[in-house]
Amino acid sequence: MIKFNTLNLLLILMSTFTFGQECDCEANFLWAKKTFEENDAGFRYTIEKNGQDTYNILNQKILEKAKGAKNTSRMSERDL
C-alpha cells in the first residue's frame with residue numbers, strides 16, 4: 001500500500017509542475033524521484049518494508065512510460 005502512495009506522490013508532483021506546458025516527462029520524473037528519495041522521511045522505511053528490487057522495478061516501469069509520454073495526459077495514474 002505504501003508503494004502506491006509513493007507512486008501517487010510522484011505523479012502529482014509531475015503533473016503539478018507541467019500543467020499547461022510541453023512536457024519533458026522523463027526529466028520531471030527523475031527530478032521528482034530524486035527529490036523524494038533525498039527528502040521524504042519515510043523513504044527508508046518504504047524500501048525496508050517493500051524491498052529495493054520492488055522499488056527499482058516500479059521506477060523502471062514509470063520511467064519507460066515517461067520516456068514515451070508526449071504530454072501530461074500520458075503520465076496519468078491510469079496508464080501505469
Side-chain angles (χ1 to χ4, degrees):
M1 194 60 147
I2 291 177
K3 74 177 179 180
F4 291 113
N5 291 336
T6 303
L7 174 62
N8 289 334
L9 174 65
L10 291 173
L11 293 173
I12 289 169
L13 288 173
M14 288 183 346
S15 65
T16 300
F17 293 116
T18 62
F19 184 73
Q21 303 173 9
E22 286 299 314
C23 176
D24 183 353
C25 293
E26 181 179 0
N28 287 339
F29 170 71
L30 293 173
W31 173 85
K33 178 181 171 291
K34 179 179 182 280
T35 300
F36 182 77
E37 291 171 351
E38 293 174 355
N39 296 305
D40 184 71
F43 177 72
R44 277 284 108 212
Y45 173 76
T46 299
I47 296 301
E48 290 170 8
K49 183 174 180 182
N50 296 310
Q52 185 69 44
D53 289 339
T54 302
Y55 181 71
N56 291 341
I57 290 168
L58 176 64
N59 281 310
Q60 188 61 38
K61 287 180 182 179
I62 296 171
L63 185 58
E64 290 302 314
K65 293 280 186 180
K67 286 179 180 179
K70 301 294 182 214
N71 58 51
T72 56
S73 67
R74 289 289 302 138
M75 271 305 298
S76 66
E77 184 175 350
R78 70 179 181 275
D79 291 331
L80 299 174

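None of the values given here were measured: they were computed from a predicted structure.
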Next on the checklist: Within this structure, what is the CD1-CG distance for the pair Ile47 and Asp53, rounded to the nearest 0.5 Å?
Outcome noted: 10.0 Å

Item to check | ILVMFWY network linking Leu58 to Leu30, side-chain heavy atoms under 4.5 angstrom | outcome: yes

Next on the checklist: Give me the atom names and distance for the closest heavy-atom approach of Ala66 to Cys25.
Outcome noted: O-CB, 3.6 Å

Checklist entry - Taking atom CG of Asn59 and atom CZ of Phe36, what is their separation to the nearest 0.5 Å? => result 10.0 Å

Next on the checklist: What I want to find out is whether Glu38 reaches Lys34 closely enough, with some N-O distance under 4.0 Å, to be called a salt bridge.
Outcome noted: yes

Item to check | Reported CD-to-CD distance for the pair Glu64 and Glu26, which is rounded to 0.5 angstrom | outcome: 8.5 Å

Checklist entry - Short question: side chain of Asn39, backbone of Thr35 - any donor-acceptor pair under 3.5 Å? => result yes

Checklist entry - Can you check whether Phe29 reaches Leu63 side chain to side chain, under 4.5 Å on heavy atoms? => result yes

Checklist entry - For the atom pair CD (Glu48) and CZ (Phe43), what is the distance rounded to the nearest 0.5 Å? => result 10.5 Å

Next on the checklist: Contact between Glu37 and Lys33 at the side-chain level, heavy atoms closer than 4.5 Å - yes or no?
Outcome noted: yes

